[in-house]
A.B. asks: 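Starting off with a structure, shown below.
Being a predicted model, the structure only gives us computed values, none of them experimental.
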Amino acid sequence: MTADDAAAKGAAVDGAVARGAAVDDVDAVTRAVLTASRVLVAVSARSLAEVEERVTLPQVRMLVVLSTRGATKLVTLAELLQVAPSTAMRMVDRLISAGLADRQTNPGNRRETLLQLTQEGRRTVEDVTARRRAEIATIVERLTPDQRTAIVEALTAFNEAGGEPPVPDVDDAEDGVPHPLGWVDPPTVHDA
């Protein structure tokens, strides 16, 4: 297939999508999702702009995991973040120095240490989440009701295919705060 043929195929698929026709082209869907991911990465970057001097993106990810799981052992935290325990420890040390996390002795096993967010750490996650939610809402408001319905259906299917449970509504979330930043863990028993 020549570049012109590929461009024509892409234009035809894009036109079919615009007309509401079914698209059974994995490449076209993949391109659309990649484009959408660029929008979401930009939203994410802007939502982190106010905290970037204090914490890195990986550290924000750690804050989010701690906010969704509560007090957690270092080894478990490292596994969830898919980093070495030594890397997780360095990240934790920086978060503790910044006043965003702290250590406590595990009441169930005094030889273990649990990591948890401080009030400032919780506030940081909530602020970043609120900024991200507001910016996404601004983008969604530009869509017609039919487009919104289509996006909800498409993204729900995409999330299910990826194994990601839905973020709860604000009214359904614990303490009225939805899962921050879209990272959600399935219900598990905490390591306490």
A.B. asks: Would you kindly confirm whether Val152 and Val29 end up in one hydrophobic cluster when ILVMFWY residues are joined by side chain heavy atoms under 4.5 Å apart?
C.D. replies: no
A.B. asks: Is a donor on one side and an acceptor on the other found under 3.5 Å between the side chain of Gln147 and the backbone of Thr144?
C.D. replies: yes
A.B. asks: So, taking the atom named CG in Leu63 and the one named CG in Leu100, what distance separates them when rounded to the nearest 0.5 Å?
C.D. replies: 5.5 Å
A.B. asks: Measuring from atom CD of Glu112 to atom OG1 of Thr105, what distance do you get when rounded to the nearest 0.5 angstrom?
C.D. replies: 10.5 Å
A.B. asks: Does the side-chain contact (heavy atoms from CB on, under 4.5 Å) test come out yes or no for Arg61 and Leu81, once each step is laid out?
C.D. replies: CA-CA 8 Å; Arg61 172 71 171 121; Leu81 296 171; 3.4 Å; yes
A.B. asks: Could you state the interatomic distance from CD (Gln119) to OG1 (Thr124), rounded to the nearest 0.5 Å?
C.D. replies: 10.0 Å
A.B. asks: For the pair Arg31 and Asp25, find out whether any cationic side-chain nitrogen is under 4.0 Å from an anionic carboxylate oxygen.
C.D. replies: no
A.B. asks: Please report the shortest heavy-atom distance between Gln104 and Ala71, naming the atom on each side.
C.D. replies: NE2-CB, 3.8 Å
A.B. asks: Is a side-chain N or O of Thr156 found less than 3.5 angstrom from the main chain of Glu153, in a donor-acceptor match?
C.D. replies: no
A.B. asks: Met62 versus Leu66: any side-chain heavy-atom pair under 4.5 Å?
C.D. replies: yes
A.B. asks: Quick one: does any side-chain atom of Arg122 pair with a main-chain N or O of Ser67 as donor and acceptor, under 3.5 Å?
C.D. replies: no
A.B. asks: Kindly work out whether a path of hydrophobic side-chain contacts (I/L/V/M/F/W/Y, heavy atoms less than 4.5 Å apart) joins Val60 to Ile136.
C.D. replies: no
A.B. asks: Answer with yes or no whether the side chains of Arg90 and Thr87 bring together a donor and an acceptor at under 3.5 Å.
C.D. replies: yes
A.B. asks: For Arg148 and Glu141: C-alpha separation, side-chain torsions, deciding distance, then whether side-chain contact (heavy atoms from CB on, under 4.5 Å) applies.
C.D. replies: CA-CA 9 Å; Arg148 292 177 192 167; Glu141 287 171 351; 4.2 Å; yes
A.B. asks: Going through the checks in order, is the side-chain contact (heavy atoms from CB on, under 4.5 Å) test met by Arg131 and Val51?
C.D. replies: CA-CA 12 Å; Arg131 283 193 298 279; Val51 298; 4.1 Å; yes
A.B. asks: Could you see if Leu40 belongs to whatever hydrophobic cluster contains Val140? Use Ile, Leu, Val, Met, Phe, Trp, Tyr and a side-chain cutoff under 4.5 Å.
C.D. replies: yes
A.B. asks: Please assess Ile139 against Val43 for the test side-chain contact (heavy atoms from CB on, under 4.5 Å), listing each intermediate value before the final yes or no.
C.D. replies: CA-CA 10 Å; Ile139 294 168; Val43 167; 3.9 Å; yes
A.B. asks: I'd like to know if Leu57 and Val64 are part of one continuous hydrophobic network [Ile/Leu/Val/Met/Phe/Trp/Tyr, side-chain heavy atoms within less than 4.5 Å].
C.D. replies: yes
A.B. asks: Is the shortest side-chain N to carboxylate O distance from Arg123 to Glu126 below 4.0 Å?
C.D. replies: no
A.B. asks: What closest approach, in Å, do Thr118 and Gly99 show between heavy atoms, and which atom pair accounts for it?
C.D. replies: OG1-O, 2.6 Å
A.B. asks: Indicate yes or no for a side-chain donor-acceptor contact from Ser47 to the backbone of Ala45 under 3.5 Å, with no hydrogens or angles considered.
C.D. replies: no
A.B. asks: Should the pair Glu120-Arg54 be classified as a salt bridge under the 4.0 Å nitrogen-to-oxygen rule?
C.D. replies: yes
A.B. asks: Report yes or no: does Glu79 contribute a side-chain atom to a donor-acceptor pair with the main-chain N or O of Thr76 at less than 3.5 Å?
C.D. replies: no
A.B. asks: What distance do Leu115 atom CG and Ile96 atom CD1 have between them, rounded to the nearest 0.5 Å?
C.D. replies: 6.5 Å
A.B. asks: Roughly how far, to the nearest 0.5 Å, is CG of Asp27 from CG of Leu34?
C.D. replies: 9.0 Å
A.B. asks: Nearest 0.5 Å, what's the OG1-CG distance between Thr56 and Leu48?
C.D. replies: 9.5 Å
A.B. asks: Are more than 12 heavy atoms from other residues, nucleotides or ligands located less than 6.0 Å from atom CD of Glu50?
C.D. replies: no
A.B. asks: Are Val83 and Val55 grouped together when hydrophobic residues (ILVMFWY) are joined by side-chain heavy atoms under 4.5 angstrom apart?
C.D. replies: yes
A.B. asks: Looking at every heavy atom in both Leu74 and Pro85, which two are closest together, and how far apart are they?
C.D. replies: CD2-O, 3.9 Å
